[in-house]
There are 2 protein chains.
Amino acid sequence: MLSERQEKILRAIVDEYIHHAEPVGSRTVSKRKDIGFSAATIRNEMADLEETGFLEQPHTSAGRIPSQFGYRYYVDHLMVPRHLNRSDLMMIRELFASQMNEVEQTIQETASILSRVTNYTSIMLGPELYDNKLKYLQVFPLNDHMAVAILVTDTGHVDQRRITVPEGVSLTNIEQMVNLLNAKLAGVPLHRLKQTVHKELLEEFSRHVENYEYLLSMIDQLLATEAEGRIFTSGTTNILSQPEFKDVEKVKVLMELLEESDTVARLFSNQETGVQVRIGHENELEAVNNCSIVSASFVVDGRSLGTIGLLGPTRMDYQKVVTLLDVLSRNLSRHFQRIYG
Amino acid sequence: MLSERQEKILRAIVDEYIHHAEPVGSRTVSKRKDIGFSAATIRNEMADLEETGFLEQPHTSAGRIPSQFGYRYYVDHLMVPRHLNRSDLMMIRELFASQMNEVEQTIQETASILSRVTNYTSIMLGPELYDNKLKYLQVFPLNDHMAVAILVTDTGHVDQRRITVPEGVSLTNIEQMVNLLNAKLAGVPLHRLKQTVHKELLEEFSRHVENYEYLLSMIDQLLATEAEGRIFTSGTTNILSQPEFKDVEKVKVLMELLEESDTVARLFSNQETGVQVRIGHENELEAVNNCSIVSASFVVDGRSLGTIGLLGPTRMDYQKVVTLLDVLSRNLSRHFQRIYG
DNA sequence: ACTTAGCACTCGTTTTTGTTGAGTGCTAAC
DNA sequence: GTTAGCACTCAACAAAAACGAGTGCTAAGT
């Protein structure tokens, strides 16, 4: 356990390092208002803190920087959630006061604000459409061999896909099919559509719909569950402003990671309630072992609808970021609750 | 005018520099198979080429690098469009052999291939929906105060938006409205929808539709022409592999530029037929004065449908890039022609 | 008249050496 | 238990030296 004085010193060092990105020396700490001890005393404590693993020394004659363990302690016990400043609050107020009907739009703009306010890279995972239920299905023919299919889900998401119409299928055929599908598939989760058709409806089809063999390929195109682009990022370039990423090689690793959507999804998915902080090695992926990821999910009717998160160096302004994500996720939850509820 | 020998030398230098990114010395040139002169002779010619502005010398005792003027001459007169290698050709074949019904998907995947094959950043401008004509309009109510509107255009593009239903508007109202709008707006270009309603249809509305005042706000939401995300990029991180961008600051400038979609659209828009090469200062924007942009547009029924382009350092593999863009744009044109035609 | 070997010279890059100063650990005094 | 003082360490910066790729010029060769 840390003494009160040690905590004071650790907090001071983390604060200092977060803002100046340079090893903190004993003198710097002792000069702070909230510290009443001489540099020498601090030095002794710092040596202890290093021994216990809270601090590290880049080299013998340098100041100390927090270890990842130190950050963890800071986040868990030392930091005081800070109030947001006026202008940031205003931005958020305005965002949610404006009329945003589209889920995607809301998410994208939230991400944008988040990255602008924090100067980190923000990432948002949109809702999994996966288990949304089909509400309505429609097909518009475009010409002899092409048509547009539209799937509306219970949450109001619209999925569209262009499909090719097989030779020998008439408009009436399509209509019949669509009617039948609508009657039978309403309420079925998207990811089970195809399965349901193949297992339960084929027979029915053969009885009610002419030419049904030709229609099969069309149905399959229609019901394919697509790999969806539900990831939104903003402020990717902010990474470039961080001193820990002045080396292009490091930037590259991160950027490439951000381009792989499944990796990002895995990295940011967050089942917990409240704000979650993952520091350095607490992240599975090696590429982000010197980064921190802070995330929070937003919830409608008790079900997680998506996640909102930030990616930055381990030297992250946790105080600010945590309150910000807390506020934003609550706002998002409320916002979507109002739309869906 | 350049002598044949000078052309040979210039070509050699550009080739060499494109592949090794380092100033080319007289010895290196003289050692090439296609050159039959001693280093001393080359040196003399090089001095001349520098005087005429085709070459530059980073400093006194370094080799020469092509000037932007030199690249221009190379592109216009010296380079021989190279055949694509087998594996690249295969990739392209496969791409267009696969069934791609979605315009967006096609474009995105083409961009992806383009960046992988070239190791530059690829950018594609999708079709302007702007003057597509409305084919069909539909509204699905989601609950008492929300609905989804779907607009299908003559080219088969589907636009969707979520709208709020004003207090006091009934389902019947909506149906009436949609029917009337469909009857009156079919064939009107998207960007003139709103205008058309306000100028020509308001009176008609008041006669045929109950509660039409309440519906007005809904119509406006419905017909708003949105700023569309028609830009696709791929391989942004490739920039980071170029030696000319080993300085983070330079990367930052470019990356930030790539995040502004209107700037990108302006930079890449290309009205010409065939492949267009813009070298360094030939680009208006200062931020890309040390970059080259090569682009080609694809065409359906004589109308440009979009542009496909590459962003890289002025030291770009023009031979490869030009043929590649040529092939891809032709393929794209043919592909879309088949779908739309 | 053109080409080329030879050589002195230039200048960025790399290596070496020297200097500085922030910061430490330890000791001894308070 | 706290703090002033001091010797010590070591990265960072700067100056100096060595290196070498490449040039321009000259003079000899064809």
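This is a predicted model, so every value here is computed, not measured.
- In this structure, B/Arg5 atom CZ and C/dC2 atom P are separated by 9 Å, rounded to whole Å.
- What separates CD1 of B/Ile13 from P of D/dT23 is a distance of 9 Å, to the nearest Å.
- In this model, a donor atom of one side chain and an acceptor atom of the other lie less than 3.5 Å apart for A/Gln68 and A/His281.
- Heavy atoms from other residues, nucleotides or ligands lying under 6.0 Å from CZ of B/Arg5 number more than 12.
- For the pair B/Glu45 CD and D/dC25 C1', the interatomic distance rounds to 16 Å; values are reported in whole Å.
- Closest to the A/Arg64 side chain, of the nucleotides D/dT23, C/dT4, C/dT24, is C/dT24.
- B/Asp15 has no carboxylate O lying under 4.0 Å from a charged side-chain N of B/Arg11, or vice versa, which leaves the two without a salt bridge.
- Between the side chains of A/Arg116 and A/Ser112, at least one donor N or O sits under 3.5 Å from an acceptor N or O.
- Using a cutoff of 4.0 Å between basic side-chain nitrogens and carboxylate oxygens, B/Asp262 and B/Arg266 are not scored as salt-bridged.
- In this structure, B/Ile9 and B/Phe37 have side chains that are not in contact, with every pair of non-hydrogen atoms separated by 4.5 Å or more.
- As rounded to whole Å, 13 Å separates atom C1' of D/dA4 from atom CZ of A/Arg27.
- Within the structure, every side-chain polar atom (N or O) of A/Ser26 is placed at least 4.0 Å from both OP1 and OP2 of C/dG23.
- Nucleotide D/dG5 holds its C1' atom 14 Å from the CG atom of A/Asn44, rounded to whole Å.
- Straight-line distance from the CD1 atom of B/Ile65 to the P atom of D/dG22: 14 Å, rounded to whole Å.
- In the displayed structure, A/Met90 atom CE is contacted under 6.0 Å by at most 12 heavy atoms of other residues, nucleotides or ligands.
- Positionally, the nearest nucleotide of DNA chain C for B/Ala40 lies more toward the 5' end than for the other of B/Ala40 and B/Thr60.
- The base of C/dG6 is paired with the side chain of B/Arg43 by a donor and an acceptor separated by under 3.5 Å.
- Going from atom CD of A/Glu22 over to atom C1' of C/dG23 covers 13 Å, rounded to whole Å.
- At a threshold of 4.0 Å, the pair B/Arg82-B/Asp317 counts as salt-bridged, since one of the basic side-chain nitrogens sits closer than that to a carboxylate oxygen.
- When only modelled atom types and interatomic distance are considered, B/Glu7 and B/Tyr73 share a side-chain donor-acceptor pair under 3.5 Å.
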Watson-Crick or G-U pairs under 3.5 Å in DNA chain D, rendered as dot-bracket with [ ] for crossing pairs and | for another strand:
||||||||||||||||||||||||||||||
Could you go through nucleotides 18-21 of chain D and list every protein N or O atom that sits under 3.5 Å from one of its N or O atoms, giving the distance for each pair?
none

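- Atom C1' of nucleotide C/dT13 and atom NE2 of B/His59 are separated by 9 Å, given to the nearest angstrom.
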